[in-house]
Amino acid sequence: MGPRSRLFLCFLLWGSTELCSPQPFWDDETERFRPSKPPTVMVECQEAQLVVTVDKDLFGTGKLIRPADLTLGPDNCEPLASADTDGVVRFSVGLHECGNILQVTDDALVYSTFLLHSPRPAGNLSILRTNRVEVPIECHYPRHGNVSSWAIQPTWVPFRTTVFSEEKLVFSLRLMEENWSAEKMTPTFQLGDRAHLQAQVHTGSHVPLRLFVDHCVATLTPDWSTSPYHTIVDFHGCLVDGLTDASSAFKAPRPRPEILQFTVDVFHFANDSRNMIYITCHLKVTPVDRVPDQLNKACSFSKSSNRWSPVEGPTDICRCCSKGRCGISGRSMRLSHREGQPVPRRSRRQVTEEADVTVGPLIFLGKVNDRGVEGPTSSPPLLMLGLGLATVMTLTLAAVVLGLAGRHRAASHPVCPVSASQ
């Protein structure tokens with residue numbers, strides 16, 4: 001990952017961009033345009049660090065903000081300690097710290113986070129003189145390096161360094177369209193829909209590898225260790241979400257060994273008003289010529305046959321999914337993390353590389369059942385209206401029938417006039 005990067009930074013404040021794109025003004029002395037002031041937020045995307053410098057005069061009004069009101073990322077990382085006389089506030093965090101989100105595109109690795117200014121009343125006051133501001137920040141790192149036309153200069157490289165270079169893989173977890181043809185651009189769903197997820201490892205010049213989803217959890221934030229949570233995949237590749245009333249399953253066969261696709265029936269957390277979730281999966285790879293086993297598998301539960309079945313490999317590797325004891329430890333990976341117990345490390349002979357990848361947020365626009373709930377509520381007025389119309393039509397028809405019957409009797413018994421004799 002080279003030091004070259006590209007920064008995207010913009011303020012969400014009343015639709016104004018003055019803080020990130022200062023407006024020029026006319027200088028009568030030099031008769032030319034020049035910026036009125038430098039940006040109040042500066043970001044430096046280093047090779048392994050993200051450095052954010054914030055001017056205490058954040059809004060350019062002369063009223064200085066307090067460093068305690070600034071945090072970085074979903075984990076609310078605090079700024080570095082500074083003297084009261086300093087005019088700036090600084091953050092320096094690793095690219096994978098503070099809840100930063102990594103997205104992999106065809107051309108770049110994109111690390112995204114945000115700077116949050118959340119003012120609090122000073123002392124015993126109950127008023128605020130500044131606004132809450134959230135500043136999105138992105139660092140783009142090109143994935144493709146330059147190729148030189150100069151002659152190759154062979155040099156001795158230790159074997160350990162060579163292995164490390166070969167094992168540096170890039171994992172991704174993407175939301176796909178229903179036909180798996182392209183990435184889904186709008187992550188919006190109705191309850192009752194099905195999310196199509198594709199896990200992939202970009203091997204580059206690495207030896208052929210097979211990808212597995214070791215475990216997955218859904219949470220309300222990008223931090224997968226928070227509560228509430230819902231386990232989707234557990235026990236080293238058992239898609240346990242399919243055991244309930246869902247039809248979640250791995251897609252078989254795979255399109256390629258380094259790709260694993262699966263579907264998850266969309267859901268939301270009860271007793272929580274938030275309409276979005278994040279899905280975090282622990283991905284790992286093994287050599288493609290290795291036969292899948294209980295530690296490296298992709299198993300789905302079929303309700304029609306009432307049994308587990310693997311995407312590939314022997315059928316018996318999925319039997320442990322029913323017992324919830326797969327591998328040596330026989331414990332849920334999720335529970336091991338939550339209880340603070342270290343997850344058993346696997347030797348390089350078992351797993352070549354592994355990583356945690358998050359996709360989200362998945363946004364829910366509403367419940368499909370809402371329309372069904374509204375039906376019975378609106379039925380009584382419609383029923384009363386229908387009965388009223390039927391009654392009116394019945395009375396009208398009866399009146400017409402009685403009128404026709406009276407005319408028929410009058411026609412069959414004519415009345416003759418009688419003349420009086422004088």
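Values reported hereafter were calculated over all heavy atoms of this structure, with side chains retained and with hydrogens, waters and symmetry mates removed. Throughout, residue positions are numbered sequentially from 1 according to the sequence presented.
Between Thr231 and Val217 there is a side-chain heavy-atom pair separated by less than 4.5 Å.
For Phe250 and Phe262, the ring centers sit closer than 6.0 Å to each other.
For Arg90, there are no salt bridge (Lys or Arg N to Asp or Glu O under 4.0 Å) partners two or more places apart in sequence or in a different chain.
Residues Trp224 and Thr358 bring no donor and acceptor atom of their side chains to less than 3.5 Å of each other.
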Stepwise side chain to side chain donor-acceptor pair (under 3.5 Å) test for Asp223 and Ser225: CA-CA 6 Å; Asp223 184 2; Ser225 62; 2.8 Å; yes

Under the disulfide bond (SG atoms under 2.5 Å apart) criterion, do Cys299 and Cys321 qualify, and how do the steps go? CA-CA 8 Å; Cys299 297; Cys321 294; 4.3 Å; no

Please walk me through it: do Cys318 and Cys238 pass disulfide bond (SG atoms under 2.5 Å apart)? CA-CA 7 Å; Cys318 295; Cys238 304; over 6 Å; no

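Checked against the 2.5 Å cut-off, the SG-SG distance between Cys326 and Cys320 falls under it.
Under the 6.0 Å distance and 45° angle rule, Arg319 does not count as a cation-pi partner of Phe235.
Note: His282 and His215 have parallel aromatic rings, judged against thresholds of 30 and 60 degrees for the angle between ring planes.
Heavy-atom contacts from other residues, nucleotides or ligands closer than 6.0 Å to CD of Glu312 number more than 12. Other residues, nucleotides and ligands contribute at most 12 non-hydrogen atoms within 6.0 Å of the CD atom of Glu78.
In this structure, Pro292 and Pro314 approach most closely via the heavy-atom pair O-CD, 3.8 Å.
Residue Gln261 forms a side-chain hydrogen bond (donor to acceptor under 3.5 Å, both in side chains) with just one option from Arg174, Gln198, Gln200, and that option is Gln198.
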